[in-house]
Amino acid sequence: MDLKIYNTLAGKKEAFVPINEGKVGMYVCGPTVYDTSHIGHARSVVVFDMIFRWLGQIGFEVTYVRNFTDVDDKIIRKSNETGETCTAITEKYIDEFHNEMDALNVLRPTMEPKATEHIRHIIDFIQKLIDKGKAYHVPGGDVYFSIDSFEEYGKLSGRNPEDMRAGARIAVDEKKQSPLDFTLWKPAKPGEPSWDSPWGKGRPGWHIECSAMSAEYLGQGFDIHGGGKDLIFPHHENEIAQSEALFGCQFVKYWIHNGFVDINNEKMSKSLGNFTMIKEVLADYSPEVIRLFLLSKHYRSPIDYNEDSMREVSLGLDRIYAFLERLEDAGITGDDQNRGGLWEDFTTAMNDDFNSARALGSVFEAVKRGNKILDDAGDSPDAGAATELSAVYGDIKTLSRVLGIFMEAPKDWFAAKKEKGMADQAIDPADIDKLIEERTAARKSKNFARADEIRDQLQAMNIVLEDGPSGTFWRFEGK
RNA sequence: GGCGGCUUGGCCAAGGGGUAAGGCAACGGCCUGCAAAGCCGUUAUUCUCCGGUUCAAAUCCGGAAGCCGCCUCCA
């Protein structure tokens, strides 16, 4: 089965056929590095990380470019507020971004260009647009793109310029030929970062950097361009206008846009004060729980971040690790050459517009089936059962590298969880062991009242006991 | 005002013309001293509502209601 992608430009799912056979060029809008990243950034990055991994998994050679916007009004404003240089600010937040993405097990893109390292390309791009009559320079230094010069303006977002002109929300600017014209180059005020250009000292507008850098690394037309839904208009619309006006060919074949993360059913906003930062989420939940949460709903739908959802996701992840541990204890392993029915289901789901939610459903189904086989076999499967279980194990290991989840050894996963629980609650494991010993003794002498009292006491600390044939084990429940 | 999306069991969430995946929760059973974990069973004749097309609709079409996003920096 072949890959289908929902293409914003077409408004529907389309068969994915790359421009050059076997190769994919993909550009995703990265952050403007002036502040700490929030859970919404994490979703976009994790979703495209999954897409990048899946394209690689099914055999494409992917060139993945994600930029840093490191010159921008917001950065300058921050610099004015804090007294730090713009460079100090952008370097700090690029570092932070990298650290957080590494923590979330996000693979580095093939290239991570910065706008400030491509000013020459940007200036060339703008000059050529002016030469072609697609852009114009006004007294004072601004260069604008003329949307009237690009007939197809609005084709990505489904808007037409006439409707937008009629709307009341467009600021009137006397210097612009059309109110919708957007900035390609703006003159610098004293003290602001600036570069020499044919239009005087200044800096690029936001939209032009992506057109210039994508052309530089991926060519004049490439396969996939991604970003958050909010970027469809105006950012991506403007990119299309710039690039197609200059190159005269289709800029991007497939446009992919991810949905937003809400917080307790509200949009993240400054006024609500509910910005939830990646570092806060990482402090509360393990990276795999966060990834599982972000991939548990289709990437185009909105997803709601709240404690209940995170708890559920966490329990689900434990369930899968418990199954893997059970397999390993039964002597079952597998490798990624060993493909079974789960892999088929997973592939079908992923090829259907990267439907990770459905893909995860198939993982849980396989876990349920596997647990049943183990139950029936009393955890000593015969050769036939072992073969089937081994395929499930191998499939999970393989798909874990696509999702970036279930990658730990189960024993390590639960050990880490214990450690975190102990650290969070300042629990000494020796105390737990002592209580368990006391309970074991109580059970032996049939003093079940005392035994249950101890169990309740531990329960109050989120510690759950499991009495098995080889003794009593304990684990933390929750995050 | 313009453009787009969503509404599936107690909660979360797939499906998107052929008779409702999965997770969490709950209840009953097996197991257990009792539990936990795991498994089995039960929990939507029904997919916001009203019409229509069809042998057949949650899925397509028309209409209504509610919710949300974009059009301003935004993942």
Side-chain angles (χ1 to χ4, degrees), chain A residues 8 11 28-32 34-35 37-48 72-74 77 154 157-160 162-171 180 206 226-235 237 257-262 265-270 275 292-293 296-298 300-304 306 308-309 311-320 322-323 326 345 349 352 355-376 379 442-444 446-449 451-452 455-456 459 464-468 472-475 477:
Chain A
T8 306
V28 174
C29 291
T32 301
Y34 73 105
D35 208 348
S37 298
H38 53 67
I39 181 75
H41 294 109
R43 184 182 197 193
S44 180
V45 173
V46 167
V47 160
F48 286 102
D72 175 89
D73 289 349
K74 294 186 289 293
R77 195 185 317 136
S157 56
R159 295 154 208 270
N160 76 68
E162 294 310 315
D163 289 345
M164 287 187 279
R165 256 183 269 266
R169 307 190 66 170
I170 297 186
L180 291 168
W206 174 39
K229 263 190 160 69
D230 53 320
L231 297 182
I232 295 171
F233 190 89
H235 185 53
E237 196 70 73
H257 293 99
N258 67 274
F260 271 34
V261 180
D262 288 341
N265 278 316
E266 286 175 322
K267 185 184 157 132
M268 264 193 273
S269 74
K270 290 213 164 71
F275 270 86
L292 184 58
F293 164 70
S296 66
K297 215 174 155 179
H298 187 91
R300 276 188 281 118
S301 307
I303 190 169
D304 190 52
N306 60 70
D308 284 349
S309 290
R311 210 193 92 258
E312 283 175 22
V313 164
S314 182
L315 287 169
L317 186 54
D318 281 355
R319 179 175 157 86
I320 288 168
F323 171 66
R326 197 177 171 195
D345 293 345
D352 183 13
N355 194 335
S356 55
R358 190 165 134 205
L360 286 163
S362 62
V363 175
F364 281 105
E365 273 182 277
V367 166
K368 190 174 190 169
R369 220 162 40 231
N371 267 320
K372 181 165 169 47
I373 293 170
L374 285 167
D375 265 24
D376 291 347
D379 283 81
R443 289 176 69 212
K444 237 177 204 151
K446 305 234 186 286
N447 183 359
F448 295 122
D452 291 349
R455 189 166 58 201
D456 291 345
Q459 177 72 57
V464 180
L465 296 184
E466 289 182 21
D467 298 326
T472 298
F473 297 95
W474 63 277
R475 61 186 168 80
E477 200 169 54

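So that the names make sense, note that chain A is the first sequence line, chain B the second, and so on, each numbered from 1. Worth saying up front: this structure is predicted, and the values here are computed from it rather than measured.
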Looking across every strand, which nucleic acid part, if any, lies under 4.0 Å from A/E466 by heavy atom: base, sugar-phosphate, or nothing?
-> base

Atom-pair distance (CG on A/L317; C1' on B/rG22), nearest Å | 15 Å

Protein-nucleotide distance (A/I232, atom CD1; B/rG69, atom P), rounded to Å | 15 Å

Nearest to side-chain heavy atoms of A/K372, which nucleotide of B/rC40, B/rC74, B/rC24 | B/rC40

A/D379 CG - B/rC31 C1' separation (whole Å) = 13 Å

Figure out the CZ/P separation between A/R77 and B/rC74, and round it to whole Å.
-> 11 Å

Nearest-angstrom distance, C1' atom, B/rG17 to B/rA13 | 22 Å

Taking atom P of B/rA37 as reference, at what distance in whole Å does atom CD of A/Q459 sit?
-> 10 Å

Can you check whether A/R358 reaches A/H298 side chain to side chain, under 4.5 Å on heavy atoms?
-> no

Parsed dot-bracket for RNA chain B after applying the Watson-Crick and G-U rules with both distances under 3.5 Å and | for other-strand partners is ((((((((.[[[..)..(...]]].(((((.......))))).....[[[[[..)....]]]]])))))))....

Using a cut-off of 4.0 Å on non-hydrogen atoms, how would the nucleic acid contact of A/R475 be classed: base, sugar-phosphate, or nothing?
-> sugar-phosphate

Answer yes or no for this row: A/F260 ring on B/rA75 base, centroids under 5.5 Å, planes under 30°.
-> yes

Would a 4.5 Å heavy-atom cut-off, applied to side chains only, mark A/R311 and A/L315 as touching?
-> yes

Mark yes or no for a side-chain to base donor-acceptor pair under 3.5 Å between A/R455 and B/rC34, with no hydrogen or angle criteria applied.
-> yes

For A/S157 and A/F233 the tightest heavy-atom approach is OG-CD1, 3.4 Å

Considering only atom P, compute the distance from B/rC12 to B/rG51 and round it to an integer number of Å.
-> 28 Å

Counting side-chain heavy atoms from CB outward, which of B/rC40, B/rC11, B/rA75 is closest to A/K368?
-> B/rC40

A/D375 has a side chain; which of B/rC39, B/rA25, B/rA14 sits nearest to it?
-> B/rC39

Does A/R326 put a side-chain nitrogen or oxygen below 4.0 Å from OP1 or OP2 of B/rC39?
-> no

Salt-bridged, A/R475 to A/D318, with N to O below 4.0 Å?
-> no

C1' atoms of B/rG38 and B/rC31, separation to the nearest Å = 9 Å

Output yes when at least one side-chain N/O atom of A/R319 is less than 4.0 Å from OP1 or OP2 of B/rG23, else no.
-> yes

Closest nucleotide among B/rG15, B/rA75, B/rC71 to the A/R159 side chain = B/rC71

Is there a donor and acceptor pair, one atom on the side chain of A/R43 and one on the base of B/rA75, closer than 3.5 Å?
-> no

A/L180 CG to B/rG2 C1', in whole Å, measures 12 Å

Quote, to the nearest angstrom, the P distance that separates B/rG62 from B/rC24.
-> 39 Å

What interatomic distance, in whole Å, is found between C1' of B/rG29 and the corresponding atom of B/rG69?
-> 47 Å

Using a heavy-atom cut-off of under 4.0 Å over every strand shown, decide if A/H298 touches base, sugar-phosphate, or nothing.
-> sugar-phosphate

Rounded C1' spacing from B/rA58 to B/rU19 in Å = 11 Å

Check: A/D375 and A/R326 side chains under 4.5 Å, non-hydrogen atoms | yes

Please indicate yes or no: is the ring centre of A/F364 less than 5.5 Å from the centre of the six-membered base ring of B/rG22, with the two planes inclined by under 30 degrees?
-> no

Any A/Y34 side-chain heavy atom under 4.5 Å of A/R77 side chain | no

Whole Å only: how far is the CZ atom of A/F323 from the C1' atom of B/rG38?
-> 11 Å

Check whether the side chain of A/E365 and the base of B/rG22 form a donor-acceptor pair under 3.5 Å.
-> no

Do A/N160 and B/rG2 share a donor-acceptor pair, side chain to base, under 3.5 Å?
-> no

For B/rC39, does either OP1 or OP2 sit under 4.0 Å from a side-chain N or O belonging to A/N371?
-> yes

Tell me whether the OP1 or OP2 atom of B/rA36 has a side-chain N or O from A/W474 closer than 4.0 Å.
-> no

Where the side chain of A/M268 is defined as all heavy atoms beyond and including C-beta, which of B/rG33, B/rA75, B/rC40 is the nearest nucleotide?
-> B/rA75

Of the listed nucleotides B/rG23, B/rA14, B/rG33, the one nearest the side chain of A/E312 = B/rG23

Quote, to the nearest angstrom, the C1' distance that separates B/rA26 from B/rU43.
-> 8 Å

Would one find a side-chain N or O of A/K297 under 4.0 angstrom from OP1 or OP2 of B/rA13?
-> yes

Between A/N265 and B/rC68, is there a side-chain N or O to OP1/OP2 distance below 4.0 Å?
-> no

Distance, C1' atom - from B/rC67 to B/rC49, rounded to whole angstrom | 15 Å

